[in-house]
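The structure appears right after this line, and notes come after that.
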Protein chains: 2
Amino acid sequence: MKIGELARATGTHIETIRYYERIGLLPAPDRTAANYRSYGDAHRARLSFVRHSRELGFTIDEVRSLLDLSDHPARDCGEADRIASTHLEQVESKIAQLAALRDELARIVGRCRGGLAGDCRVIEALGDHRLCAADHP
Amino acid sequence: MKIGELARATGTHIETIRYYERIGLLPAPDRTAANYRSYGDAHRARLSFVRHSRELGFTIDEVRSLLDLSDHPARDCGEADRIASTHLEQVESKIAQLAALRDELARIVGRCRGGLAGDCRVIEALGDHRLCAADHP
DNA sequence: TATGCAGCCTGTAGCAACTACGGGGTCAAG
DNA sequence: CTTGACCCCGTAGTTGCTACAGGCTGCATA
């Protein structure tokens with residue numbers, strides 16, 4: 001299949017596919033006589049793997065390691081588990097961070113009663129960290 | 001105070017301060033005879049405002065608008081409230097997104113029983129979106 | 001046959017929001 | 001008088017794409 005088709009099949013932008021090829025995340029496919037990229041099912045599977053991993057928030061480098069493992073089925077999968085677990089921890093701490101942030105924002109927004117910017121509690125709160133209820137990032 | 005002092009006082013990198021000046025977020029301060037930047041309390045307050053806003057996740061452009069309001073106390077603060085509310089919504093949806101992600105990751109990680117990458121459920125799950133419990137970003 | 005248009009090619013530049021670096025000037029202490 | 005901490009500037013790198021510009025290719029239609 002051509003690049004446009006692969007893009008549609010995987011929900012990826014054409015430019016992103018070429019980008020992944022450039023950075024060595026996807027292998028360079030064969031070319032047609034007209035120099036068009038020509039992909040097969042293996043390419044599609046690999047790109048799906050990449051997209052799915054990216055959607056789950058893994059960095060490109062992590063995806064690289066995961067792909068490498070997937071390419072070497074005889075290797076120990078402890079590394080995959082470690083990458084995923086570490087990432088899970090990061091996601092969890094990011095959630096906690098954002099929750100603190102949300103609380104703070106909600107508190108700030110709740111205090112606005114309209115009127116002039118000079119009296120605005122939102123502006124005031126932004127200027128003075130001491131007005132914060134709790135630590136946030 | 002000099003830039004290093006301001007940096008320490010606000011928990012900002014020196015480069016970041018210069019960057020903010022370059023993009024017009026902070027006014028260019030006076031210079032000493034040796035061409036060192038020389039800051040006063042107004043600068044420190046403004047930088048604190050910026051840092052605090054950034055920590056709360058506002059974009060530079062949003063910070064610019066908020067600073068503008070803070071510079072014009074006679075203006076209506078509805079805009080500040082709007083920016084903060086919109087941002088709050090974004091944070092909330094980001095949290096929901098990450099929570100879905102966390103659930104999926106936890107599910108994936110939980111399935112790893114060790115062994116070979118070829119049999120690893122983590123790798124498998126990454127390759128096949130259909131194995132997902134729910135929609136994630 | 002001509003022509004239009006979708007689709008592909010390459011290479012480069014842009015985005016956010018910094019961060020790092022190289023090569024140099026300044027200043028106070030020892 | 002030299003050492004080290006601090007400051008200056010300008011530029012390039014980071015992550016993960018995305019968006020051109022300028023030019024082929026391939027197929028359908030007039």
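What you are looking at is a predicted structure, and each value in this text was computed from that prediction instead of being measured. Quick note on labels: first sequence line is chain A, next is B, and so on, each numbered from 1.
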- Query: Is the shortest side-chain N/O distance from Arg37(B) to OP1 or OP2 of dC7(D) below 4.0 Å?
  - Reply: no
- Message: Any non-hydrogen side-chain atom of Asp68(A) less than 4.5 Å from a side-chain atom of Arg64(A)?
- Response: no
- When you check the phosphate oxygens OP1 and OP2 of dT10(C), does a side-chain N or O of Arg22(A) lie under 4.0 Å from one of them? no
- Item | Check ion pair Arg82(A)-Glu79(A) (N to O, under 4.0 angstrom) | yes
- Less than 4.0 Å between a side-chain N and a carboxylate O, is that true for Arg18(A) and Glu15(A)? no
- Message: Let me spell it out: for each of Gly4(B) and Glu15(B), pick the nucleotide of DNA chain D with the closest heavy atom. Which residue's pick is nearer the 5' end?
- Response: Gly4(B)
- Task: May I ask you to verify if any side-chain N or O of Arg51(A) is less than 4.0 angstrom from the OP1 or OP2 atom of dG16(D)?
- Result: no
- Item | Nucleotide dT25(D), atom P - distance to NZ of Lys2(A) in whole Å | 13 Å
- Message: Counting the atoms with a prime plus P, OP1 and OP2 as sugar-phosphate, which does Arg18(A) contact under 4.0 Å by heavy atoms, base, sugar-phosphate, or nothing?
- Response: base
- Task: Give Ile14(B) one of three labels, base, sugar-phosphate or nothing, depending on what nucleic acid heavy atoms sit under 4.0 Å from its own.
- Result: sugar-phosphate
- Message: Below the 4.0 Å mark, does dT18(D) have OP1 or OP2 next to a side-chain nitrogen or oxygen of Thr16(A)?
- Response: yes
- Could you give the NE2-to-C1' distance, from His13(B) to dA20(C), as a whole number of Å? 11 Å
- Going by an N to O cut-off under 4.0 Å, is there a salt bridge joining Arg46(A) and Asp71(A)? yes
- Message: Over all strands shown, is Tyr20(B) touching base, sugar-phosphate only, or nothing at heavy-atom distances under 4.0 angstrom?
- Response: sugar-phosphate
